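Heads up, the thing below is written out as structure tokens.
Below, chains carry the letters A, B, ... as their sequence lines are ordered, and counting in each starts from 1. What you see is a predicted model; the values in this text were computed from it and never measured.
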Protein chains: 2
Amino acid sequence: MDAKTLCLGALMHRDASGYEIRKLFEDGPFNAIHDVSFGSIYPCLTALLEREWATCCITEQDGRPDKKVYSITDAGRSAFLEAISTTPAPDKMRSEMLFILSFGDHLSRGHVVSLVDRYIDEYEQHLAAMQEYGAPEDFAPVHRFIHEFCATIYQTAVDYLKQHRAELTTLPETEDEITRPLKAVGDGR
Amino acid sequence: MDAKTLCLGALMHRDASGYEIRKLFEDGPFNAIHDVSFGSIYPCLTALLEREWATCCITEQDGRPDKKVYSITDAGRSAFLEAISTTPAPDKMRSEMLFILSFGDHLSRGHVVSLVDRYIDEYEQHLAAMQEYGAPEDFAPVHRFIHEFCATIYQTAVDYLKQHRAELTTLPETEDEITRPLKAVGDGR
DNA sequence: CCTGAAATATATCAGTCCGATATAACGGCG
DNA sequence: CGCCGTTATATCGGACTGATATATTTCAGG
């Protein structure tokens, strides 16, 4: 998914500045779904203006720096709808935590447990942020569907980690030794 | 997480060629956890040789192209352990599907439902691939922990989608109309 | 038996994206 | 009054992805 499409998506909901678009992906409705950085957003907004998919209006604020508020145009709306009518790419999960944890045999028991605790923290903060964001009853049906979907998964993750954390504390303390190799895949001969 | 670290991680488990490392992330033990592409792997393996973090041995095979099988060195093992002793970055989820689905109000009801069906399919294939990969009883404790964690989450996702799919089919068919904007975050004035 | 698709295998590269950094103005706090 | 955190825009090097090229072999189907 193109960063331009992500920006257009944000502007479909409301007029916003680059900073606000970032917030939408960091803490807002797209929080659990996708991400996009400043390094992409600002060049994209310029590109959107060039293509006339958005217009820009500089807003002076009292006590804050000036804002460039962008609005999507009809052409932008068409381009967005066109862009999201393709088959979506499969979900991409990137978890450094699970990757590192999978080498738990090479880490001290204490370290592994502290990693899991940090992981629980991370997901609980996610959940708290989602609850703060709003009550599902107020959402449109599709948004409620997605909101509950993410909340359910996060809750499941937290529950699993809390329940099975103990299993790791009872593990025998290991030296840095190589355990049996993981089964090979795509080597089926 | 550096692509070099990801490659070293793969080589921690077993000697492997670039192609096999890819498989490890595509279908294997890292399947649900992280990803890395050929475009990163091959340059990384060259870099690993330069740093003497891995050695390479060209293997002739009958009925297949030659393979360059890489092995991690002691220096490589140290570098890897060093690399994974940093605080892991938070999980990064990128779901084009959920992003598109969140604009369901602008899509036809039929399209939305077909997207959800495709989504269910995706996660069921994940689950099937994991089951095929091996029985949790055979895994070391840490690997079982992670395996079950991923399986539990995938199962939860599938269950939720199947249970709530119906809600979307009973939605009133909408024209391409703008629904109420999502609540702003970080705009608290 | 021949063709073409799929799998195995390595490699490169253009374009894109991220993360860090720079800049700046303001509020609040001790 | 200096310092930190927040709001706000912008840029840039380096890293990564996705597509593409190349080559060989197996296997299903006509």
Quiz prompt | Sidechain N-carboxylate O distance under 4.0 Å for A/Asp35, A/Arg22 | solution = yes
Practice problem: Test A/Lys67 against A/Asp15 for salt bridge (Lys or Arg N to Asp or Glu O under 4.0 Å), laying out the working first. | Solution: CA-CA 12 Å; A/Lys67 245 202 298 197; A/Asp15 295 350; over 6 Å; no
Exercise. Would you classify B/Arg22 as touching base, sugar-phosphate or nothing, given that sugar-phosphate means primed atoms plus P, OP1 and OP2, and contacts are heavy atoms under 4.0 Å?
Key: nothing
Practice problem: Kindly say whether A/Ala89 contributes a backbone atom to a donor-acceptor pair with the side chain of B/Glu96 at under 3.5 angstrom? | Solution: yes
Practice problem: Determine whether B/Met93 and B/Tyr160 fall in the same hydrophobic cluster, where Ile, Leu, Val, Met, Phe, Trp and Tyr are linked whenever their side-chain heavy atoms lie under 4.5 Å apart. | Solution: yes
Quiz prompt | Spacing between B/Glu96 atom CD and C/dC17 atom P, to the nearest angstrom | solution = 11 Å
Quiz prompt | Among D/dT17, C/dC18, C/dA9, the one nearest A/Ser37 by side-chain distance | solution = C/dC18
Quiz item: Taking atom P of D/dA8 as reference, at what distance in whole Å does atom CG of A/Leu24 sit?
Solution: 13 Å
Exercise. Take the protein atom CG of A/Asp35 and the nucleotide atom P of D/dT17, then report the distance between them rounded to whole Å.
Key: 15 Å
Self-check item: Nearest-angstrom distance from the residue atom CG of B/Asp2 to P of D/dG14
Solution: 14 Å
Exercise. Taking only the side-chain nitrogens and oxygens of A/Lys92, find out if one of them lies under 4.0 Å from OP1 or OP2 of D/dG18.
Key: yes
Quiz item: Phosphate oxygens OP1/OP2 of C/dT10: is one of them under 4.0 Å from a side-chain N or O of B/Tyr19?
Solution: no
Quiz prompt | Check ion pair A/Arg144-B/Glu167 (N to O, under 4.0 angstrom) | solution = no
Exercise. For A/Lys4 and for B/Ser17, locate the closest nucleotide of DNA chain C by heavy-atom distance; then report the residue assigned to the nucleotide nearer the 5' terminus.
Key: B/Ser17
Practice problem: Can you run down the salt bridge (charged side-chain N to carboxylate O under 4.0 Å, His left out) pairs that involve residues 111-130 of chain B, sequence neighbours left out, and say none if there aren't any? | Solution: B/Asp117-B/Arg165, B/Glu124-B/Lys162
Quiz item: So, A/His13 versus A/Phe30, ring centres under 6.0 angstrom or not?
Solution: yes
Exercise. By nearest nucleotide on DNA chain C, pick out whichever of B/Ser40 and B/Gly18 is the more 5' one.
Key: B/Gly18
Restricting to nitrogen or oxygen on both sides, can you table the protein-nucleotides 25-27 of chain C pairs closer than 3.5 Å?
none

Exercise. Please check the phosphate of D/dT7 (OP1 and OP2 only) for any side-chain N or O of A/Lys23 closer than 4.0 Å.
Key: yes
Quiz prompt | Length of the line joining A/Lys67:NZ and D/dT6:P, which is rounded to integer Å | solution = 17 Å
Self-check item: Atom pair distance, as rounded to whole Å: CD in B/Glu26 and C1' in D/dT17
Solution: 14 Å
Quiz item: Whole-Å distance between D/dA8 C1' and A/Lys68 NZ?
Solution: 11 Å
Quiz prompt | Value in whole Å for how far the P atom of D/dA8 lies from CZ of A/Phe38 | solution = 10 Å
